[in-house]
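All residue numbers refer to positions in the sequence shown, counting from 1. A quick note: this is a predicted structure, and the numbers were derived from the prediction, not measured.
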Amino acid sequence: MARAEQVLVLEPQHELKFRGPFTDVVTATLKLTNPTDRNVCFKVKTTAPRRYCVRPNSGVIDAGTSIVVSVMLQPFEYDPNEKSKHKFMVQSMLAPFDMTDMEGVWKEAKPEELMDSKLRCTFEMPLENDKTHESESIKTVSSSASSVKNEHTMLPKSSSASLDDGEVKKIMEECKRLQMEVQRLREENKQIRDDDGLRKRKVASVAASHSSTMVTSSMRDEGLSTRVLALCVLFFVIGVIIGKLAL
């Protein structure tokens, strides 16, 4: 009995192209679309499983949705004279409504329920013109990125320069304010010194006048004491003379 026709839509339909260089992993994509109103189980198989890594390699595609499968070719030494014999097969089947174990469903599936599509693999090395074009494109992208980077680096510099100017202006204003404050303090200090000198001169003047007053009063006291002593002596002499006359 002939197999059922594939219900999945494959993009690409017949060929997976891998473009070198092949010194690193090269990835091709395979899009699987389910246009039906049923969920569809799928598997991706290859004739060279050691050369490829497929993610995802199996699963369920819901009705009306699609999935992208990444096919990764492992690095190898490319020989342009060697034709690729690698092939892939996408196998699918309608998912049962009561499906619980997908592996069990695949094991119990009947041959007439299985659908498959095959794709072959091709390897391509970029031509010299393509390499030149790619290198120029890379250079253009790099130069564009560099110019954008320079613009971004220059922008912060200008903004930082404006910030520096603002800070300098603030510092200059602060210096002027401090200079005015210092000048004010100097004037106050000078005024205090002048007031202190005047006060000292007043004190000295008062002290001098007080000392002169004290000297004058002491001189007056001394003069008074001398006169009193002279009078006492005079009275004593007179007393002596009167005493002798009386005898």
Side-chain angles (χ1 to χ4, degrees), residues 1-131 133-135 137-138 140-142 145:
M1 182 180 293
R3 289 179 179 271
E5 185 179 357
Q6 178 67 270
V7 295
L8 296 178
V9 178
L10 280 65
E11 298 179 25
Q13 293 182 353
H14 307 293
E15 189 176 72
L16 284 175
K17 293 183 179 181
F18 296 90
R19 189 175 180 83
F22 301 102
T23 54
D24 200 355
V25 175
V26 179
T27 303
T29 57
L30 173 63
K31 184 178 181 181
L32 305 178
T33 302
N34 177 12
T36 69
D37 56 356
R38 293 274 304 273
N39 293 347
V40 176
C41 301
F42 77 93
K43 276 186 177 182
V44 180
K45 299 180 178 181
T46 179
T47 57
R50 295 184 179 180
R51 300 284 297 274
Y52 298 91
C53 181
V54 182
R55 293 290 182 273
N57 57 5
S58 63
V60 178
I61 306 175
D62 295 335
T65 63
S66 60
I67 190 172
V68 176
V69 178
S70 296
V71 183
M72 291 164 277
L73 173 64
Q74 303 305 306
F76 72 100
E77 187 175 349
Y78 175 70
D79 184 0
N81 297 323
E82 181 181 355
K83 292 184 180 181
S84 173
K85 297 179 181 180
H86 303 164
K87 293 181 181 180
F88 278 84
M89 181 175 69
V90 178
Q91 199 170 41
S92 63
M93 62 177 293
L94 296 176
F97 293 103
D98 56 350
M99 183 184 69
T100 56
D101 181 16
M102 189 169 62
E103 289 297 328
V105 169
W106 284 107
K107 290 179 181 179
E108 296 174 2
K110 298 178 181 179
E112 61 270 16
E113 295 176 344
L114 299 178
M115 300 167 282
D116 58 62
S117 300
K118 295 180 180 179
L119 301 93
R120 64 188 183 91
C121 299
T122 59
F123 303 150
E124 295 180 354
M125 285 295 290
L127 300 176
E128 292 299 327
N129 293 335
D130 294 340
K131 288 183 180 179
H133 179 69
E134 288 179 0
S135 62
S137 300
I138 292 172
T140 304
V141 172
S142 300

Would you mind writing out the side-chain donor-acceptor pairs for residues 51-62 within the sub-3.5 Å range, not counting sequence neighbours?
| unit_1 | atom_1 | unit_2 | atom_2 | d |
| --- | --- | --- | --- | --- |
| Y52 | OH | H86 | ND1 | 2.8 |

Legend entry - Audit row: V90, L30, side-chain contact (heavy atoms from CB on, under 4.5 Å) steps and yes/no: CA-CA 10 Å; V90 178; L30 173 63; 3.7 Å; yes
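- At least one donor-acceptor pair closer than 3.5 Å links the side chain of T46 to the backbone N or O of K87.
- The line from OG1 of T29 to CE of M72 is 11.5 Å long, rounded to the nearest 0.5 Å.
- For the residue pair S92 and L8, the shortest heavy atom distance occurs at CB-CD1, 3.8 Å.
- What you find for A4 and M115 is that their closest heavy atoms are O-CG, 3.5 Å.
- Annotation: the span from M89 atom CE to L119 atom CG amounts to 11.0 Å, rounded to 0.5 Å.
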Tabulate below the donor-acceptor pairs under 3.5 Å that side-chain atoms of residues 9-18 make, not counting sequence neighbours, or state none.
| unit_1 | atom_1 | unit_2 | atom_2 | d |
| --- | --- | --- | --- | --- |
| E15 | OE2 | R120 | NH1 | 3.2 |
| E15 | OE2 | R120 | NH2 | 2.6 |

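- Taking SG of C41 as the start and CD of E103 as the end, the distance is 10.0 Å to the nearest 0.5 Å.
- The side-chain hydrogen bond (donor to acceptor under 3.5 Å, both in side chains) test applied to K45 returns Q91, not counting sequence neighbours.
- Screening residues 32-41 for side chain to side chain donor-acceptor pair (under 3.5 Å) gives N34-T36 as the qualifying pairs, with residues at least two apart or on separate chains.
- Inter-residue side-chain proximity for E113 and M93 is flagged as met; some heavy-atom pair is nearer than 4.5 Å.
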Inset, instruction - Would you please test I67 and T65 for side-chain contact (heavy atoms from CB on, under 4.5 Å) and show each step? - result: CA-CA 7 Å; I67 190 172; T65 63; over 6 Å; no
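- Residues C121 and F88 have side chains in contact (heavy-atom distance under 4.5 Å, counting atoms from C-beta outward).
- In this structure K85 satisfies the side-chain contact (heavy atoms from CB on, under 4.5 Å) test with no other residue, sequence neighbours excluded.
- By the salt bridge (Lys or Arg N to Asp or Glu O under 4.0 Å) test, D116 pairs with R3, sequence neighbours left out.
- With sequence neighbours excluded, the residues satisfying side-chain contact (heavy atoms from CB on, under 4.5 Å) with D79 are N81, E82.
- When the side-chain hydrogen bond (donor to acceptor under 3.5 Å, both in side chains) test is applied to S117, the partners found at least two apart in sequence or on another chain are Q6.
- Among residues two or more places apart in sequence or in another chain, the ring pair (Phe, Tyr, Trp, His ring centres under 6.0 Å) test is passed with F76 by F22, F123.
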